[in-house]
Protein chains: 2
Amino acid sequence: MIHLLRQHIQNRLGDDVEGLDKVLATFEERHFKRGELVLKQGDCCTYVYYIATGCLQVFIYDADINENTRDIVTEDNWCADLTSFGSGQPSAENIKAVEPCVLLAVSRPNFQQLMQTVPQFDKVYRQILEASYANSVYRINTFVSLSALDRIKWLMDYRPKLMSRLSNKLIASYLGISQETFSRLKAKI
Amino acid sequence: MIHLLRQHIQNRLGDDVEGLDKVLATFEERHFKRGELVLKQGDCCTYVYYIATGCLQVFIYDADINENTRDIVTEDNWCADLTSFGSGQPSAENIKAVEPCVLLAVSRPNFQQLMQTVPQFDKVYRQILEASYANSVYRINTFVSLSALDRIKWLMDYRPKLMSRLSNKLIASYLGISQETFSRLKAKI
DNA sequence: TAAAAACGTTGACTTTTGTCAACGCCCTTT
DNA sequence: AAAGGGCGTTGACAAAAGTCAACGTTTTTA
């Protein structure tokens with residue numbers, strides 16, 4: 001699966017990336033079953049994952065033990081609790097494979113070494129950060145400015161494939177509404 | 001006001017920052033009155049601002065011309081629409097001085113030159129990104145997991161000074177609720 | 001300083017959303 | 001194949017939040 005990561009990086013930095021082989025050699029391939037936890041809250045997030053295939057849910061539990069979904073990330077994207085990963089503090093978040101997943105993982109020590117020794121990897125990291133941040137900004141704006149119905153319409157426009165790919169329960173959680181409300185509002189469109 | 005930025009950088013990178021004077025010389029000091037727009041949606045965000053003093057509101061308008069607040073940023077922090085700044089595309093967001101502000105601004109060309117010529121500036125930018133992102137993640141989690149009442153309590157804990165410093169109208173908008181609901185819920189605590 | 005505008009609160013009412021329960025369906029899993 | 005569990009939908013009701021209006025207060029601004 002490493003060729004997918006190679007392509008991902010080359011798409012962003014060009015075909016001639018110095019140190020690319022060194023970078024790729026540092027990643028470990030890890031497989032997760034549907035429903036399996038990749039990261040459990042309280043544990044430190046010691047890996048950053050490139051999703052070769054599959055789909056991850058990033059979520060926190062509220063007082064009633066509901067899963068509240070901060071993000072849903074699909075193949076050819078990166079996933080981690082970057083806050084925990086960067087600080088070394090325990091994670092407040094959980095990451096779960098909602099489909100069978102093949103992930104390519106870099107550990108924290110390896111990541112830091114790559115950052116220091118491969119300048120191009122530094123660029124990759126910045127792009128991960130920028131993309132994650134841009135995504136978050138979008139998402140916050142939907143929460144402060146849109147009704148539940150409009151958030152559904154927004155998701156249909158912005159990430160249409162998610163609608164057919166994931167369970168309604170998960171999408172409702174991603175939109176910050178109950179499963180029942182999602183079911184009812186969806187029927188109105 | 002440039003000494004505030006100097007201190008900000010030294011606090012993060014140490015007292016001996018190579019190229020610091022070059023960096024500081026690149027910033028322009030700009031003053032904004034209370035209520036003045038720093039960035040208007042549709043315009044490109046051509047500056048990144050370090051807030052020396054004051055407070056900025058980042059917001060978008062919805063269909064009813066309400067101001068929906070994505071973020072509130074106070075002195076000794078950075079503010080911009082990084083998505084627009086990075087891509088050069090028109091901004092979807094507005095930035096307004098909600099208090100009289102002194103901002104230190106770097107233009108896009110100067111920013112890019114610093115990134116290429118001063119390695120330490122690169123680190124500063126990454127820290128801005130990481131901090132902005134961490135802040136966004138927190139904020140999303142409050143929206144997907146907390147009720148309006150709990151978001152108010154969260155704000156009291158997480159950013160207590162904002163509560164006394166800003167108008168209720170603005171805080172309500174930041175929390176994604178109406179001014180009236182905020183007034184009523186606040187009375188319950 | 002006086003007028004105007006914006007703000008904060010409260011009441012009455014509407015709309016939106018959540019909760020609990022029931023039911024059929026699909027999908028595992030044994 | 002049968003049992004069990006989870007999912008998606010719907011109904012009935014409750015709770016939460018929004019809207020509109022009014023009013024006194026504070027803040028701007030002319």
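In what follows, every chain begins at residue 1, and chains take the letters A, B, ... in the order their sequences are listed.
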Notebook entry, point to check: Atom CD1 of B/Ile60 and atom CG of B/Asp62: how far apart are they, to the nearest 0.5 Å?
Noted result: 7.5 Å

Next item on the list: First locate atom CG of A/Asp150, then atom OG of A/Ser145, and finally report the distance between them rounded to the nearest 0.5 Å.
Entry: 8.5 Å

Note to self: Could you walk me through whether B/Tyr138 and B/Tyr158 satisfy the ring pair (Phe, Tyr, Trp, His ring centres under 6.0 Å) test, starting with their C-alpha distance in whole Å, then the side-chain angles of each, then the deciding distance to 0.1 Å, before giving a yes or no?
What the structure shows: CA-CA 10 Å; B/Tyr138 260 107; B/Tyr158 185 65; 4.8 Å; yes

Notebook entry, point to check: Could you state the CZ-C1' distance from B/Arg165 to C/dC7, rounded to the nearest angstrom?
Noted result: 19 Å

Checklist line | Residue among B/Phe121, B/Tyr50, B/Tyr49, B/Phe27 satisfying ring pair (Phe, Tyr, Trp, His ring centres under 6.0 Å) with B/Phe111 | finding: B/Phe121

Next item on the list: Answer yes or no: is there an ion pair linking A/Glu75 with A/Arg165, defined by an N-O contact shorter than 4.0 Å?
Entry: yes

Notebook entry, point to check: Which residues in residues 167-189 of chain A have at least one heavy atom lying under 4.0 Å from any atom of DNA chain D?
Noted result: A/Ser167, A/Asn168, A/Lys169, A/Gln179, A/Glu180, A/Ser183, A/Arg184, A/Lys186

Margin query: Any residue in residues 147-164 of chain B with a heavy atom nearer than 4.0 angstrom to DNA chain D? Just list them by number, or reply none.
Written below: B/Ala148

Next item on the list: Evaluate the side-chain hydrogen bond (donor to acceptor under 3.5 Å, both in side chains) criterion for residues B/Ser91 and B/Ser84: first the C-alpha distance (whole Å), next the side-chain angles of each, then the deciding distance (0.1 Å), finally the verdict.
Entry: CA-CA 5 Å; B/Ser91 175; B/Ser84 168; 4.8 Å; no

Item checked: Exam field: side chain A/Ser136 to backbone A/Ser132, donor-acceptor pair closer than 3.5 Å -> yes

Note to self: Distance check needed: D/dT26 C1' versus B/Leu166 CG, whole Å only.
What the structure shows: 17 Å

Note to self: Does B/Asp157, at its CG atom, have more than 12 non-hydrogen atoms belonging to other residues, nucleotides or ligands within less than 6.0 Å?
What the structure shows: yes

Check: Just by distance, do the side chain of A/Arg70 and the backbone of A/Glu93 share a donor-acceptor pair under 3.5 Å?
Finding: no

Item checked: Nearest-0.5 Å distance that lies between atom CG in A/Leu129 and atom CG in B/Leu129 -> 5.5 Å

Note to self: Expected output is a numbered-order residue list: members of residues 32-41 of chain A with a heavy atom under 4.0 Å from any atom of DNA chain D. What is it?
What the structure shows: none

Note to self: What is the distance, to the nearest angstrom, from the CZ atom on A/Phe143 to the C1' atom on C/dT17?
What the structure shows: 14 Å

